[in-house]
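A note on names: the letters A, B, ... follow the listed sequences, proteins ahead of strands, and every chain is numbered from 1. Computed from a prediction, not measured in an experiment: that's the story for all the values here. Reckoned from all heavy atoms, side chains included, excluding hydrogens, waters and symmetry mates.
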Amino acid sequence: MKTQHKKVRKVLTPEQKIKRRSFISFLTFFILGGAAFGSWKWLLHAPEETPGVTAGASQPLRRALNKTELFFRNLFSHKHLARTYPIERAASDVRVNGDIGIEDEDFDQDNWRLSIQRGKKELLTINMADIRQLPKTDIVFDFKCVEGWDQIQHWGGVRFIDFITHYKLQKEAGMHYVGMETPDKAYYVGLDMESALHPQTILAYEMNGQPITPEHGAPLRLIIPVKYGIKNLKRIGTISFSNQRPPDYWAEQGYDYYSGL
Amino acid sequence: MKIIKDKHPLLIRWTHWVNFPLLAIMIWSGLLIYWANDVYTITIAGHPIIRFFPDWFNTLLDIPQRLAEGMAFHFFFMWFFFLNGLLYIGYTLFSGQWRSLLPNRHSFRDAWQVVLHDLHIRKTSPSQGKYNAAQRVAYTAIILMGTGSIITGLAIYKPVQLYWLCWLCGGYHFARILHFTLTIGYVLFFVIHVVQVIIAGWDNFRAMVAGFEVVEE
């Protein structure tokens, strides 16, 4: 005869059940809570990215910024326009927020030239008289600073897309990025081509119907409503085209390279 | 005899507790961003009553000069805040849990009775199902606020690409004010919520972790 070895499962009293379920739940709760806290500590002290085109952010956060950029670039369209306003709404006292790249006191507007490399050999040098010949576009839009303020402003100049057409830079415009730099090379921005070619992107020489004042980037500055103010370079000296991301002043200080609106 | 009665499903508990640190991170990184243009005040008859935020507050929490870092954190954790919220709302809808959450036609009147009771003005205690009337109103409001934060946040984040969303929020400038106000709302909710949880006692708190409450029968 076989002896019966049947394990009888003990029936738990309600008290025991309560204890058991509470114990398991709170144990899980504290283990997961601890893991979450540990991950947070790790992220907070994660190593900084290797300085390059971008710098100043921690490695994982920079990766996240770049991935998030890829997602939101799907929303981008030349049909999506920044809202425009009647001219009366434009501020007369236009906010000045920085002078990096335009600090040179000996700068002479009359000797200013815009330099652009066309093809491999040709260097275009363009003066203001040339630029004023091109069709002029005015825009009154809400300028947005990365700091969080915004102001309705009125700018006038030549659309970047019209400029490209006039100077036969279509081949260059087929590349992925545009870089712009101040004459003293102290401030520089990189723009993805689709944002640069947006119909509201302007090389501006007028503010409120008057020539741009020195502190606002005379004689020629960038106005790009699909980007934060940090990309709206004052006093453009050179424009270049490339398939790699050009250097960008604020992307080297931990800011998102794309900074698109 | 004591019996175990299930109260909160696992997914509700999970999303609730995940949301807590996520919201804390979103508020903290939001403060880092807000600091760069900290212009909001509450002004009554020309006198600023509250300034957001006083210097001692910024110093205490080490807020100043961290805009880039704040943005990097904010635009990373926004994904998790959004997905966790979506999971909660989706589950609440499909599981039928919304029945015990959404206010019904009596809730707004009854919620007032709950408030009076909690302030010890009214003696008789109002009916308490899984949630009482005041909880229904408050918890539904906080879900709507969360949705509002996502919408106003997107309106500020991509005001050109999502121009219709920005328009819906009353423009860029107003959307930022709304986004900020909702955050202040969370903080106020949090304070009241924690006080209420402490008053409600252990059995109630355990239900949010272990899922069940104990009833005498």
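- One distance of note links OG of A:Ser25 with CG of B:Leu10; it measures 8.5 Å at 0.5 Å rounding.
- At a 4.5 Å heavy-atom cutoff, the contact between B:Pro159 and chain A is made by backbone and side-chain atoms alike.
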Full working for side chain to side chain contact (heavy atoms under 4.5 Å, CB included) between A:Val146 and B:Met71: CA-CA 10 Å; A:Val146 71; B:Met71 291 175 83; 3.5 Å; yes
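- Under the 6.0 Å cut-off for aromatic ring centres, A:Phe26 and B:Trp202 qualify, their centroids lying closer than that.
- Here B:Phe76 contributes atom CZ and A:Leu43 contributes atom CG; the two are 6.5 Å apart, rounded to the nearest 0.5 Å.
- Residue B:Arg51 places its CZ atom among more than 12 non-hydrogen atoms of other residues, nucleotides or ligands, all under 6.0 Å distant.
- Residue B:Leu154 touches chain A through its side chain alone, counting heavy-atom pairs closer than 4.5 Å.
- Of the atoms belonging to A:Tyr228, it is side-chain heavy atoms, and not backbone ones, that fall under 4.5 Å from chain B.
- Distance OH/B:Tyr157 to CZ/A:Phe72: 5.0 Å, rounded to 0.5 Å.
- Contacts of B:Tyr172 with chain A are made by side-chain atoms alone, with heavy-atom separations under 4.5 Å and no backbone atom involved.
- Within the 4.5 angstrom heavy-atom criterion, only side-chain atoms of A:Asp142, from C-beta onward, approach chain B.
- Heavy-atom distances place no part of A:Arg83 under 4.5 Å from chain B, backbone and side chain included.
- The aromatic ring centres of A:Trp40 and B:Phe73 sit less than 6.0 Å apart.
- The contact between A:Ile18 and chain B is made by backbone and side chain atoms together, counting heavy-atom distances below 4.5 Å.
- Proximity to chain B (any heavy atom under 4.5 Å) is shown, for A:Gln200, by neither the backbone nor the side chain.
- Only the side chain of A:Leu32 has a heavy atom closer than 4.5 Å to any heavy atom of chain B.
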